[in-house]
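To start, the structure under review is shown below, and the notes come after it.
Chain letters run A, B, ... following the sequence lines, proteins first and then strands; every chain starts at 1.
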Amino acid sequence: MIPAAFEYHRPDTIDGAIKIISEHGDEARVIAGGHSLIPMMKLRMADLSHLVDLQEISELKGIILECQSVTIGAMTTQHELITHEELAKVAPIINEAALQIADPQVRYMGTIGGNVANGDPGNDMPGLMQCLDADYILVGPNGTRTVKARDFYEAAYFTAREEEEILTSITFNSPVGGYAYEKQKRKIGDYATAAAGVLITKEGGKCTHASIALTNLADTPIYCEEAVAILTGSDLSADVVEAATVAAVNASDPGEDNRGPIEFKKHAAKIVIRRAIERAIERA
Amino acid sequence: MNEMTPPKEERSEALKGLGCSRKRVEDARFTQGKGNYVDDIKLPGMLFGDFVRSPYPHAYVKGINTDAAMAVPGVVAVLTAADLEPLNLHWMPTLAGDKQMVLADGKVLFQGQEVAFVVANDRYAAADAVELVEVEYEELPPLVDPYKAEIEGAPILREDIADQKEGAHGPRRHPNHIFTWEAGDKETTSKVIDDAEVVAEETMYYHRTHPCPLETCGCVASMDKVNGKLTVHGTFQAPHVVRTVASLLSGISESNIRVISPDIGGGFGNKVGVYPGYVCSIVASIVTGKPVKWIEDRIENLTSTAFARDYWMRGKISATKEGKITGLDVHVLADHGAFDACADPTKFPAGFMNICTGSYDIPTAYLAVDGIYTNKAPGGVSYRCSFRVTEAVYLIERMIEVLAIELDMDAADLRRMNFIKKEQFPYQAALGWEYDSGDYHTAWDKALEAVDYKALRAEQAERVEAFKRGETRKLMGVGLSFFTEIVGAGPVKNCDILGMGMFDSCEIRIHPTGSAIARLGTISQGQGHATTFAQILASEIGISADDITLEEGDTDTAPYGLGTYGSRSTPVAGAATAMAGRKIRAKAQMIAAYLLEVHDGDLEWDVDRFVVKGAPERFKTMKEVAYAAYNQAIPGIEPGLEAVSYYDPPNMTYPFGAYVCVMDIDVDTGVTDIRRFYALDDCGTRINPMIIEGQVHGGLTEALAVALGQEIAYDEMGNVKTGSLMDFFLPTAWETPNYETDYTVTPSPHHPIGAKGVGESPHVGGVPCFSNAVQDAFRAFGLKHTNMPHDHWRIWQTANKLGLHD
Amino acid sequence: MSKMHIKMKVNGEEVETLAEPRELLIHVLRERLDITGPHIGCETSHCGACTIDMDGKSVKSCTVFAAQANGKDITTIEGLGDPDNLHILQEMFKEHHGLQCGFCTPGMITRAHRLLQENPNPTEDEVRFGMAGNICRCTGYQNIVKSILAAANEMNAAKEAAQ
């Protein structure tokens, strides 16, 4: 498993990176942690002749916590997310989800930007970001724009990001209330058989806000609008939870693979979603 | 005794001999990253080889264009079958009496088959050139399901032997049929079963999997044209056999071939066979005059070298109403892939599958195995087990459970009722083997008591009720298995590999100052031979194990041996070690008698010295004797103190064990949780308890993997679905439980020190134990049998079929 | 493709070598720098046999390009101890039979070293979770976990004694 040759670039500014990408068009690819891209290159399934390494760009790093919002630089690693004590207090769902990604070594290298940007339906962060209703900041030759995570994913490996754009940071409002990221997988290091992120806010016995998104249950992450509508404003009774779970499962569209046939995946999804909702309610 | 002589116990302990948990001598280099594995070998001018492989499972090769590949800077050669043909090396013999393409000769028969071999200055150039070799294929329909191999219109795979009615193991009834192998009494068995009060029948698939050691296969071949010497470093579990094969294939004299197995990063059966990569590297080195390295990548490893299992097994077992077993009938459809390259002793095309009567006194039995060609990778190795013993034990341990269901009996009681009794040993089994020793009842009772079996069943019954009441979605399984292995192949009279009798060997030299070197015909792949064989020897010759160096794996220095697999090292080479030690002691006794001026019959052995009977103050230590052997002329005795033993075991050894697994299963997600695993092993005399325990932990974890998810799966078009570690299940520390180990000791009566071998027992006994735990959880809901691997979705499917999701 | 200068600090020493950008760090270490402790097991970043420490992180060096590693500070098994002064993890792996074939051991110990730096007093579960990026085919992990827990104890005891 030997990758094909390429030219290597290590710019130290976003502008510098965009300049290189613009120059080489679809022959250039950016690399963050590389733990999705490098295996693809070793299998010669990713074709590129210019590799643009983002590691030196300090603008892409760091976690900024403001009173109501969280901004995370694209090059922030899963390990940094996990070990950031303040972030764990403000958005504990990030910690819970990131710990379920890959394995320790991969989490040291794997970045949140790489995880959300490459469009792999197996990645956990895209679903989580839809759950958090995050905004992705994209910078390209024509400036900066914002795309909602819920609008970003078009199909497996196809996203709203233009070829010459770099996803530079992610921002979302600090979540309040209960949360859960529940994932079933075959073993450490595997993608989800089914996974769900849930946020629930409760006031006076009523659900005032809810969010549900799914991972690896279709060729994109899924934000479950109907399930959210069922939960929001409800008393979160067992019947409501069941109805929301069913609605979320109905929104899924898993494919068959080595993790099992579609029927199983839908069943596993149902369990995972219900557990996530119940755990989020408990914590709300 | 002389006052200066330390007490016996103290001297004995100082030897670090048999029975002590001696720390491993190998570990100093391994923990410091100073192991010497094949890929660590770097020779001046070394080239790298890499394969072009077939993307198709079945196709004609219409043409190969290597021009673009040859144009890549650094590429030295691209070999195809046409280049090997003049040397008659485009095909090679397999261990099973078949032949195998080294490089595609007009046709490919499995996805991943070797088509061309690129040789370049470095692995990057080789990989680039592999991409540029243009191969024109004409696709053919693939044969994936062995049950469809002999139907009308089935594609004929092996056109090279399509007309041969007689194979290496008797008549072939179809071009896709390899052999039928039978054992036992067909007619009587059939009659016993027809007349039986109770019969249980089941078909089970023991899925295809792979040993997948952490280090893949590889070699460095180096032809020294000046001296006419070929040296091959490789991941070989049987280096001496490789030398013989290399000589027969190349025509180079065996004395001019040196095969070296350096440190090996796990074998588990993967490194027994001879693979095209070895042959191509040797040829490339001969052609270029430079050393050539070839190292498989993981995908190549999983998809082309050495699968294991792939047995479709149908069993019928009969019993009286009370549960006394009367007969066993077994038929196996064995999927051997594209070439019959199974690594078994020559006369055993289905290995020792005829140990399938297990630990039970079954008076009548019959076994037939049909080998079939399919468009899958060749192999059929014994993955951490003696030849096909895992399959045999799985079959009988499942059949016992199925019979228990049929009889509505407790499966532990049923086993106990049918065990071969202690007084029946040596026991002549219905399918031909003579079990050397055993005490199954004691082991079983100890195991059941240790886990409080009755309490487990009571808890399980409560859980079933709670489940039915809707209070839990988790079921509890109690997995049982009692296994008897057959290891230590084997007696030369019936066991050989390519005509080489399966003896093994040890050569010992005692140095003048009383330390020693011992060389064996085996090769450690992690088992710790350098530690344990020195222990055997220490106890035999009274020299501390710390003063004994042990070497294996270099055919220029080690005595000829058949290698390490099938748990044969302790039973065969371990015996050779003890016997060679005894030869040393016999000569030493003569020397001591001379030095003490007594008749040698007047001496007795005392831990590390010879003592004059009745005069304990008069003695000579082995160290003193060793010195004398070199520094003075002793009438009638040659100088020096050396011995060699080639040991032909009179019988196999039969380790056994009793395992219990307690598992919780989520019927909705199919997720399993191993709450407890108890393993009692009886491997006869215990050489190093620490190492035994380590072997048990490792074997059980490989068993867990196989039972719960590890498979080489093909889709219906013959594409491999599980070609990397993303999908091929190797458990991590997180998925692996802690194990409780225990033991009884029933020495082998025919082995010099009574040892039986243990490395593979936990795998053999572990797979049915984990599987039985899953199946047992569903017994209360009507499950009779469901096939492994028990991964999440298959468990879910089982629960679903039983209506547990309604 | 042209080669580039790669400068790294490896086991405390500044090293410089020429390599193609695409060369994998594991190949640079093993073949250009003769550091053969880290091994190649799976090549898809699942097995951890190639684990090294890079700028204080446990990293699978089969999934890092030489070019990415330019300028980094790297520690391999060779840098953890020497024959006269073994690292306590090396001692404990020997003591508790935490290895068999030895192929995973360099990566395993290098990873355990970082784990104990970050969590000097781990529970058994934390060790199992923290070591889940390293596959061993021989030991069944039980004695590896035991070795790491024992090393943690020894290191803590040594720290206390020093205070």
Side-chain angles (χ1 to χ4, degrees), chain B residues 21 23-24 26-37 39-40 42 122-124 211-216 263-268 295 297-299 524-528 690-691 693-702 704-705 724-726 730-739 762, chain C residues 20 22-23 27 30-31 34-44 46-49 76-78 80-83 86-87 89-91 93-106 109-110 124-125 127-145:
Chain B
S21 287
K23 303 302 175 204
R24 300 198 335 160
E26 296 88 343
D27 293 356
R29 68 176 185 280
F30 291 147
T31 53
Q32 294 178 75
K34 296 296 180 193
N36 183 35
Y37 303 90
D39 201 13
D40 299 338
K42 201 170 165 183
D122 65 61
R123 46 180 116 212
Y124 286 76
C212 194
L214 200 53
E215 176 202 37
T216 59
D263 286 325
I264 294 188
F268 317 120
I295 305 285
D297 68 30
R298 179 58 60 193
I299 292 174
S524 186
Q525 306 130 37
Q527 297 91 337
M690 175 191 82
I691 286 182
E693 193 185 67
Q695 290 290 314
V696 173
H697 293 166
L700 288 174
T701 304
E702 290 192 342
L704 176 158
S724 82
L725 296 195
M726 171 61 92
L730 299 181
T732 72
W734 188 248
E735 292 88 25
T736 306
N738 277 311
Y739 305 105
Chain C
E20 280 189 71
R22 65 164 164 165
E23 281 187 39
H27 287 145
R30 291 176 49 81
E31 288 170 20
D34 290 326
I35 292 170
T36 55
H39 296 130
I40 301 169
C42 72
E43 303 173 81
T44 51
H46 287 96
C47 83
T76 69
I77 186 72
E78 286 90 342
L80 285 185
D82 61 61
L86 289 184
H87 189 281
L89 276 160
Q90 293 169 319
E91 293 280 9
F93 270 65
K94 287 170 65 179
E95 182 65 27
H96 296 286
H97 193 25
L99 65 151
Q100 290 181 27
C101 81
F103 201 75
C104 75
T105 311
I109 291 179
T110 309
E124 183 189 327
D125 265 5
V127 170
R128 286 183 176 274
F129 193 70
M131 295 302 296
N134 293 72
I135 284 171
C136 172
R137 294 287 290 139
C138 299
T139 65
Y141 305 103
Q142 195 157 328
N143 289 343
I144 291 177
V145 173

Worksheet item: So, for C138(C) and F268(B), which heavy atoms are closest and what is the spacing to 0.1 Å?
Response: SG-CZ, 3.8 Å

Worksheet item: CE/M726(B) to OG1/T44(C) distance, rounded to the nearest 0.5 angstrom?
Response: 8.0 Å

Worksheet item: What part of I691(B) gets closer than 4.5 Å to chain C, counting heavy atoms only: side chain, backbone, both or neither?
Response: both

Worksheet item: Under a 4.5 Å heavy-atom cut-off, does chain B meet the side chain of H96(C), its backbone, both or neither?
Response: neither

Worksheet item: Considering residues at least two apart in sequence or located in another chain, which fulfil the side-chain contact (heavy atoms from CB on, under 4.5 Å) criterion with Q32(B)?
Response: A28(B), K34(B), P83(C), L86(C), Q90(C)

Discussion item. I'd like to verify something: which residue of C212(B), P762(B), G35(B) has the highest number of heavy-atom pairs under 4.5 Å with chain C?
Written reply: C212(B)

Worksheet item: Which heavy atom of Y37(B) sits nearest a heavy atom of F103(C), and at what distance?
Response: OH-N, 3.2 Å

Worksheet item: Can you tell me how far CG of D122(B) sits from NE2 of H27(C), rounded to the nearest 0.5 angstrom?
Response: 10.0 Å

Worksheet item: Do R298(B) and I40(C) have side-chain heavy atoms sitting under 4.5 Å apart?
Response: no

Fill in: Spacing of Y141(C) atom OH and T701(B) atom OG1 [to the nearest 0.5 Å]
7.5 Å

Worksheet item: Does a side-chain N-to-carboxylate-O contact under 4.0 Å join K42(B) and E31(C)?
Response: no

Practice prompt. Check side-chain contact (heavy atoms from CB on, under 4.5 Å) between C47(C) and all other residues, then give those that pass, not counting sequence neighbours.
Written response: L214(B), L725(B), C42(C), A49(C), I135(C)

Fill in: chain B contact via D82(C) - which portion, at a heavy-atom distance below 4.5 Å
backbone

Worksheet item: Got Q142(C) and V696(B) here, is their nearest side-chain heavy-atom distance under 4.5 Å?
Response: no

Worksheet item: Looking at Y124(B), does the NZ or CZ of R22(C) lie under 6.0 angstrom from its six-membered ring centre and within 45 degrees of the ring axis?
Response: no

Discussion item. Using heavy-atom distances under 4.5 Å, tell me whether E124(C) contacts chain B through its side chain, its backbone, both, or neither.
Written reply: side chain

Discussion item. Do D40(B) and R30(C) make a side-chain contact, defined as non-hydrogen atoms from C-beta onward lying under 4.5 Å apart?
Written reply: yes

Item to complete: Taking the side chain as every heavy atom from C-beta outward, state whether F30(B) and C101(C) have any atom pair closer than 4.5 Å.
Response: no

Response to the item:
Rounded to the nearest 0.5 Å, the CG atom of L99(C) sits from the OG1 atom of T31(B) at a distance of 7.0 Å

Discussion item. For a quick test of reading the model, state the closest non-hydrogen atom pair linking E95(C) to K23(B) and the distance between them.
Written reply: O-NZ, 3.0 Å

Practice prompt. May I ask you to decide if P211(B)'s main-chain N or O and R137(C)'s side chain share a donor-acceptor pair within less than 3.5 Å?
Written response: yes

Practice prompt. Kindly indicate whether the side chain of Q527(B), heavy atoms from C-beta on, has any atom under 4.5 Å from the side chain of Q100(C).
Written response: no

Item to complete: Compare every heavy atom of D297(B) with every heavy atom of E43(C), then report the nearest pair and how far apart it is.
Response: OE2-CB, 2.8 Å

Response to the item:
OG1 of T736(B) to CZ of R128(C), rounded to nearest 0.5 Å, is 6.5 Å

